[in-house]
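Worksheet: one structure, shown below.
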Amino acid sequence: MAALKLPHSPRLIQGRQSLVPFPASTMLFPIPPSSPLSNYSFATSSGFLTRTLALFSPGIVACKSSSLRGVRGNQSRIRSASVQRVAEELMEDQSKYSLFSGDSIRQRFLDFYASRDHKILPSASLVPDDPTVLLTIAGMLPFKPIFLGKIPRQVPRATTAQRCIRTNDVENVGRTARHHTFFEMLGNFSFGDYFKKEAIQWSWELSTKEFQLPPERLWISVYEDDDEAFEIWHKEVGVPVDHIKRMGADDNFWMSGATGPCGPCSEIYYDFHPERGTADVDLGDDTRFIEFYNLVFMEYNKKDDGTLEPLKQKNIDTGLGLERMARILQKVPNNYETDLIYPIIEKASALANISYPLADEQTKLKLKVVGDHLRAIVYLISDGVLPSNIGRGYVVRRLIRRVVRAGRSLGIKGERRDNLEGAVLPIIAEKVIELSTHIDPDVKIKAPRILEELKKEELNFVQTLERGETLLEKMLADASSNAEKSGTVPCLSGKDAFLLYDTFGFPVELTTEIAEEQGITVDMNGFDIEMENQRRLSRAAHNVVKLAVEDGTNLTNNINKTEFVGYDTLSTQAVVESLMVNGSPVIQVSEGNDIEVLLNKTPFYAESGGQIGDHGFLYVTGGEKQQTAVVEIKDVQKSLGDLFIHKGTIKEGFLEVGREVEAAVDAKLRQQAKVHHTATHLLQAALKKLISQEISQAGSLVAFDRLRFDFNYGHALTDTQIEEIEQLINGWIEASTSLKTKVMPLNDAKEAGAIAMFGEKYGEQVRVVEVPGVSMELCGGTHVSNTSEIRVFKIISEQGIASGVRRIEAVAGEAFIEYINVRESQMKNLCSMLKVKAEEVTTRVEKLLEELRMSRTEVANLRTKAAEYKALMIANKAFEVGTSQKIRVLVESLDDVDADSLKAAAENLIDTLQDPAAVILGSCPDEGKVSLVAAFTPAVVDLGIQAGKFIGPIAKLCGGGGGGRPNFAQAGGRKPENLPSALEKAREDIISILSQKTS
């Protein structure tokens, strides 16, 4: 049999010819005798072959029989010859069907709309340029400023395949056929160009002609009052009335928020069960329908009073779910079994020694979680989001922990190869990266960093998970103890179970299983409450794209973007277009007021690309009757697209709208910014050359007095490496290389090898800054003309700022001179204080430190001896407790003895009083501090009394806590005033417990 292969290009497998129409079958998933899959193994493992054989020859696929085995612990991976023979016969007959690969669906969608004058735009980053959302959650998000009218449209029509992340329903992943964290939204957009008619007609043409979906299987929903859309669907497209459903605002009226752009929407659904008829149809029935295309007709603005006013510019915003369309066209029962995700599941299945088609539903669920989450994790890390405990970083960390938990429960074992140290996620992620070519080509370039980050986070979490197991043991012990005291049934609280789940990644099912083995129940109602609280917070943080027609929009309706002339000149004549005080527009502002100024053109660089805004002045001069004014500019920011907001203070006179000014940049400060910006480019080039080609920028600051460069790297740089970097950069500076800058198309720049800066958004035309033979970057910042202008470069610090992220701070040019002058002044002061020469400072300081260490040791020894002496003085205060066994007990305060001395005193007293004895001491070593210690001899511990558990509640009375071993424990607190009462409580408790134990 000739092997079936997918085409190299992301096009239709059988070329550009239309698909043969689906048969009018009522079968849930019509089984084609041909397969789009690349090989027999994929067909059998994907479940496609299993379902096919079950339909054509049920006897071959008995319930988990020897013909197709695979469940872990009972699988041979052997398939009968008859199965293979039938499979080959089915796969050889390719005459009737050609299914789509996910890549071809994506490309075909884009090509369809490109042929209708839509501009194909690349997917935006998963990290949005929008403070109202954490991640890119919708295909329309990159166009939000255009929909709001904040920036002008660049094209009237656009089409994209946008990468998206949603985690508000993460618990549904794998449980339903369609929920995902990472997904691709294919969209076509109109910015005041075409509207309902074209959007509806093209969506139908795409669905029924381009993708050859049978019209009788398509259903339409429209907003209940949208008669226009209903008429277009019925009269112009020809959809039968009984296949169009009018639905309410909750389902079919799109709103961006409480106010702002909104409008009715219309959706296209695919019907898996047309045999059920048209009566009492519920489009929300997931067992029958799937919504795959949503058309939003953005035609209104909702005002604060709730009324709707027509938008001046009516827009179209659509979204077609790639994974959903792939499910339909590839005829699989859920999105996970499409070629977009299934190869990842197959990889995980192989590591777990499991056959997915024959696995039980719980096992499939876990494999789906692995396949889905790893896609999200890989693309998030590629876009610069690293695991952490806040914001986007926590999203990545939580997803990684869910995958690790799922993998461990499946029995996936890590391979100790390629320095993976037993990590599993990098092995599976390699498949995600392999599939990324047509989604985001940058993923393969960043693969080494992605895999390293995954390995590090997984290994760290496995340690955390093991600590969770230890904590669970303690929680269960406490639950048993509390139940014994209260005479109730032992129960682990829902709060504790959720802590284990959320913080330590402990599955609640495992918690319940372990607890039941010890006869302890788990408060699942309490757990559910904690889970719902977290979900509610998650939805609030992740699930809303806020659009609002803000007051500032009216201000800029008639103001064009600011023309920037600062590359060529540091001063220019400009006209004041707008003035603002405290965010409100004004016509005139007088001396002494802080002000924001919009000019028609400016030489001032606005903060972007890590470089801070220029400083300088605006001058107003005129004839005899005109007022002279001086405005000091201390910051310049970009707003509402390309408007430059000059922030400053009026030092003299007054300023008014329409006045002509001379805008002058501080030349000295600009030069220092240029020096540091070019030096930053040289630094990144040096790091890539000397440390690792995989290093990439994670943030930067280009200031007048220093530069800061954050980069992804897992280890601290050595002193030798730092010296080598400095030498290389200073060599490039000495080479006096002239820089080249040019503007070119973005794709051309990337093909030429230009590096994009972290977090920056680029248009179709980009500015490329090149230091020939050294670096080439996309950059809109200001730079020196020749490297010799930098003069000298010096790294002043290198440190870690987050997991896998390092930070270098450095100075160059004039800032280096200032840095050296400050250090020289400090050295002179040290020499004067120590009365030594500069070259003798190190030796003198080392000697002083040694003397200080010896003095501290001597003081500590004296304190310990003093504490031991005090202990001997109070030893006679010990009293006996018990009847069957006499136990010597001492509970006392040692005033201001420090914690170490208190410990020594307790140990000394235990030796003095001898076994059996119990010693509890307290002290207030410093203001606002309490130290406590409990020491029990072996005979006391044998009675079941533990020092660690005893001292904890006592420390809480002093506003603290602590614990330790059964025979010795220390604790602390922050309320010295409570120490007397706490020690009295300790006295009462130890007497009571010992009396009971020895009665």
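FYI, side chains are in, hydrogens and waters are out, and symmetry mates aren't considered; it's all heavy atoms of this structure.
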Around [X], counting heavy atoms of other residues, nucleotides and ligands shown, do more than 12 lie under 6.0 Å from its [atom1]?
X	atom1	answer
Glu205	CD	yes
Lys750	NZ	no
Lys740	NZ	no
Lys456	NZ	yes

Donor-acceptor contact present, side-chain [X] to main-chain [Y], <3.5 Å:
X	Y	value
Ser207	Ser203	yes
Glu323	Glu184	yes
Gln212	Lys209	yes
Asp317	Met298	no
Arg324	Leu320	no
Gln162	Ala124	yes
Asn315	Gly192	yes
Thr678	His783	no
Glu789	Ser785	yes
Ser382	Tyr379	no

Can you tell me how far apart [atom1] ([X]) and [atom2] ([Y]) are? Round to the nearest 0.5 Å.
X	Y	atom1	atom2	answer
Gln637	Leu643	CD	CG	13.0 Å
Lys674	Thr782	NZ	OG1	6.5 Å
Ile808	Asp710	CD1	CG	9.5 Å

Exercise for the section: Give the ring-plane orientation class for Phe644 versus Phe564, where under 30° counts as parallel, over 60° as perpendicular and anything between as tilted. Expected result: parallel
Practice task
Please work out which of the three classes, parallel, tilted or perpendicular, describes the rings of Phe709 and Phe711, given edges at 30° and 60°.
Solution key: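 The rings of Phe711 and Phe709 lie parallel, inter-plane angle below 30°.
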Handout entry: Lys NZ or Arg CZ of Arg106 over Phe109 ring: under 6.0 Å, within 45°
Key =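 The answer is no; the distance or angle limit is not met.
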Problem - Ring-face cation contact, Tyr567 with Arg767, 6.0 Å cut, 45° max - result: yes
Ignoring hydrogens and angles, state whether a donor on the side chain of [X] or [Y] is under 3.5 Å from an acceptor on the partner side chain.
X	Y	answer
Thr159	Asn188	no
Lys444	Ser436	no
Thr602	Tyr605	no
Thr569	Thr572	no
Asp339	Gln330	yes
Ser738	Asn786	yes

Problem - Residue of the set Thr136, Leu135, Ile137 for which side-chain contact (heavy atoms from CB on, under 4.5 Å) holds with Arg166 - result: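 The residue from Thr136, Leu135, Ile137 that satisfies side-chain contact (heavy atoms from CB on, under 4.5 Å) with Arg166 turns out to be Ile137.
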Indicate the atoms forming the closest heavy-atom contact of [X] with [Y], along with that distance.
X	Y	value
Asp383	Ser125	OD2-OG, 3.4 Å
Ala429	Leu374	N-CD1, 4.2 Å
Ser696	Arg449	OG-NE, 3.2 Å

Problem - Residue pair Tyr336, His180: steps toward the ring pair (Phe, Tyr, Trp, His ring centres under 6.0 Å) verdict - result: CA-CA 9 Å; Tyr336 301 95; His180 298 291; 4.8 Å; yes
Practice task
Verify the ring-centre separation between Phe297 and Trp254: is it less than 6.0 angstrom?
Solution key: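 That pair fails the under 6.0 Å test.
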Problem - Centroid-centroid under 6.0 Å between His118 and Phe189 rings - result: no
Practice task
Decide yes or no on salt bridge (charged side-chain N to carboxylate O under 4.0 Å, His left out) for Glu457 and Arg397, but give the supporting numbers first.
Solution key: CA-CA 8 Å; Glu457 183 69 13; Arg397 174 158 289 169; 2.6 Å; yes
Practice task
Please step through salt bridge (charged side-chain N to carboxylate O under 4.0 Å, His left out) for the pair Arg163 and Asp440, ending with a clear verdict.
Solution key: CA-CA 9 Å; Arg163 305 189 306 277; Asp440 181 6; 3.7 Å; yes
